[in-house]
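Sequence positions, counted from 1, serve as the residue numbers for this chain.
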Amino acid sequence: MRSTDSAAAAGAAVLDAGGQVVRTLDVVDAVAAQVPIHALDTLDDDHTVTRDHRLALHGRHNSGDETYTVRTAIDVTGADRYWARGATGEGVGVALIDTGVAPVQGLDGQVVHGPDLSFEASTTNLRSLDTFGHGTHMAGLIAGRDPGASPETFASRPGDFLGMAPDAHVISLKVADSRGATDVSQVIAAIDWVITHRDDPGLNIRVLNLSFGTYPDQGYETDPLAHAAEAAWDHGIVVVAAAGNDGDERVGLTSPAYSPRVIAVGAVDTHGSTRYSHWNPLSFSARGDGHRNPDILAPGSSLASLRVPGSFLDQAYGDTAVVDGRFFKGSGTSQAAALVSGAAALVVSANPSWTPDMVKDALLEEANGLRPGAGFTRITGKDALRMHQMHGVTPNASVQRDVPATGGGSLDASRGDAVLESPSGVRLSGEVDIFGAPVDTAALAQALETGGSWVGGTWNGNQWSGNQWSGNQWSGNQWSGTDWAGNQWSGNQWSGNQWSGNQWSGNQWSGNQWSGNQWSNATWSATTWR
């Protein structure tokens, strides 16, 4: 926080608001502080304090009345029909590049933690944990499973929680911190790790879920992020990407969903019905540009999945988004993409020799048009597994004919308007990663195509993973925010927009000590969600 008069005045305002000063920033005559979320408006009104950004979800908060469980999604997509024929995702690894995954009920034994590439990686008690609350929500939709629950007892035990592919395992790569802050270079590094380690013992990564996106200033052919996603596809990994949540404001899909090779997913409101005539596209779901449109439209409205108590989203929207204590509901193409990733895992588990092109064919062949001419399709209640496996018919094995991405473009153009900014106003820009190291995107593209460029915990010349980091200052700046166009991390809508102001009681959470971190007292002001 910066004072228009002095750091001392800003500090006094923080104390008056019930917060505390963490450190002084003499170089910019400012202070870094922790304040209760409910006090941020008070500080806005205090003219001794200014903030770089204000957290602003897209303004489409749910009314709080509707809630659709994963059971509803399973019913309308026909996932239980896959289960009945033995396709439950067993043995299939789904890589989830997101905000981390927390050890909550419903994910016991389902998660393998890859490297933490976020700004919290050097903090031992936060490493790999989901302090934001988004990644755990996605993991539950993909492969959640309560202890003792099984596809066989799903119908007779309505209290059990199961995701789309309950026998799959999630490989979590954390790239964003408790404010959702991350950079394109971190995401590309994570995709590179997935490619490099896809066949490691116990991983078998066959699906990659990307519930985020940017609006880049270049075509997919040269975009480094889109190329990284295509490289994963070419190495046998089905890539599922959220189409974006700015459909009523912007034209086109976000990267990497705008690559025609991957599966781009938009969101539909099923209104809890299996009758397709009752379904309609959600207004915020990206529509495409008439040339590249979403491949599939899947349920994405008011879906309840696993909650992370004390996380940022839980504090900000928990008063209306919490369902039955342990679940949290939200809407967006993020959720829709997670469901499709689970569906892809089901198809792969039944047909392990299929290529990503064949899996995409199978999913799209059984999808029907929704609103003719709009470019939307959806997963239907028809069963692609039954059609292809039981009848002995395989989908078209032809390779997709779209021009492949070659990479080599601008890393900065890949960021678009999703740019990290430090509290002192320094923006991360140029052809560099978060350490300030130059990124040769042409050499990176070649390395991705030949199998990845990770060596131990080193990527692009720096130590990115493991206990030893090349520096905690991230090239001299404490990056405190990001602007991920399309609002993917937040899922676009988290029911309700009021935080009750209650303190998270104690520091005991899901059997783990959080070393005194009071998530209800934190400064989230540097993040703006479009």
Side-chain angles (χ1 to χ4, degrees), residues 62 67-74 79 89 94-113 128-151 154 157-174 176 178 180 209 211 299-332 334-342 345 488-496 504 508-512 514 519:
N62 295 332
T67 299
Y68 303 128
T69 66
V70 182
R71 285 178 170 266
T72 306
I74 288 169
V94 181
L96 175 65
I97 298 175
D98 214 287
T99 64
V101 175
V104 297
Q105 179 184 336
L107 291 172
D108 299 334
Q110 301 293 98
V111 180
V112 177
H113 290 286
S128 297
L129 297 179
D130 185 7
T131 54
F132 189 72
H134 185 274
T136 306
H137 201 265
M138 302 303 114
L141 295 173
I142 295 168
R145 182 170 184 162
D146 274 345
S150 72
F154 180 72
R157 294 174 53 171
D160 285 347
F161 177 81
L162 291 176
M164 288 284 288
D167 285 331
H169 54 278
V170 172
I171 297 91
S172 171
L173 289 92
K174 178 178 176 179
S178 60
N209 186 85
S211 286
S301 177
S302 300
L303 282 169
S305 185
L306 298 174
R307 169 195 177 203
V308 183
S311 65
F312 168 68
L313 291 175
D314 188 57
Q315 291 181 57
Y317 307 105
D319 60 330
T320 53
V322 173
V323 179
D324 296 333
R326 56 181 290 234
F327 302 109
F328 203 80
K329 62 179 175 178
S331 303
S334 286
Q335 284 82 355
L339 293 178
V340 174
S341 288
Q488 264 64 41
W489 290 127
S490 65
N492 190 72
Q493 303 182 54
W494 297 95
S495 298
W504 174 45
Q508 193 73 27
W509 173 79
S510 199
N512 289 289
W514 281 68
W519 297 117

- line: Nearest heavy-atom approach of D98 to S211 is OD2-CB, 4.0 Å
query: Between G106 and D146, which heavy-atom pair has the shortest distance, and what is it?
result: CA-OD1, 3.6 Å
message: Treating H169 as the side-chain partner and V112 as the backbone partner, does any N or O pair qualify as donor plus acceptor under 3.5 Å?
response: no
query: Which heavy-atom pair separates A168 from A143 by the least distance, and what is that distance?
result: O-CB, 3.8 Å
query: Atom CG in L162, atom CZ in R157: separation rounded to 0.5 Å?
result: 9.0 Å
- request: To the nearest 0.5 Å, tell me how far H113 NE2 sits from L96 CG.
  value: 10.5 Å
statement: CE (M138) and OG1 (T99) are apart, to the nearest 0.5 Å, by 8.5 Å
- line: Rounding to 0.5 Å, atoms CZ (R307) and CD (Q105) come to a distance of 13.0 Å
query: Do Q110 side-chain atoms and V170 backbone N/O form a donor-acceptor pair below 3.5 Å?
result: no
- request: Carefully, step by step, assess M164 and V94 under the rule side chain to side chain contact (heavy atoms under 4.5 Å, CB included).
  value: CA-CA 12 Å; M164 288 284 288; V94 181; over 6 Å; no
query: Is the count of non-hydrogen atoms from other residues, nucleotides or ligands lying under 6.0 Å from D324 atom CG greater than 12?
result: no
query: Counting distance only, does the side-chain N/O of R71 pair as donor-acceptor with the main-chain N or O of F154 below 3.5 Å?
result: yes
message: Quick check for you: to the nearest 0.5 Å, what is the distance between L303 atom CG and F328 atom CZ?
response: 13.5 Å
field: Distance in Å, S172 OG paired with L107 CG, rounded so as to fall on 0.5 Å steps
entry: 10.0 Å
query: What pair of heavy atoms forms the shortest contact from V101 to A139, and how long is it?
result: CG2-CB, 4.0 Å
query: Of all residues at least two apart in sequence or in a different chain, which pass the ring pair (Phe, Tyr, Trp, His ring centres under 6.0 Å) check with F327?
result: F161
Counterpart residues, side-chain contact (heavy atoms from CB on, under 4.5 Å), relative to A336 (two or more places apart): V265, A267, A298
message: Looking at A102, is its backbone amide N or carbonyl O close enough to the side chain of T136 to form a donor-acceptor pair, meaning the two atoms are under 3.5 Å apart?
response: yes
- line: The residue among S334, P299, S305, S341 that forms side-chain contact (heavy atoms from CB on, under 4.5 Å) with L141 is S305
task: Specify the closest pair of heavy atoms between D130 and S311, including all atoms of both residues, with the distance to one decimal.
output: O-CB, 4.1 Å
Heavy-atom pair with the smallest gap, counting every atom of P147 and D108: CG-OD2, 3.4 Å
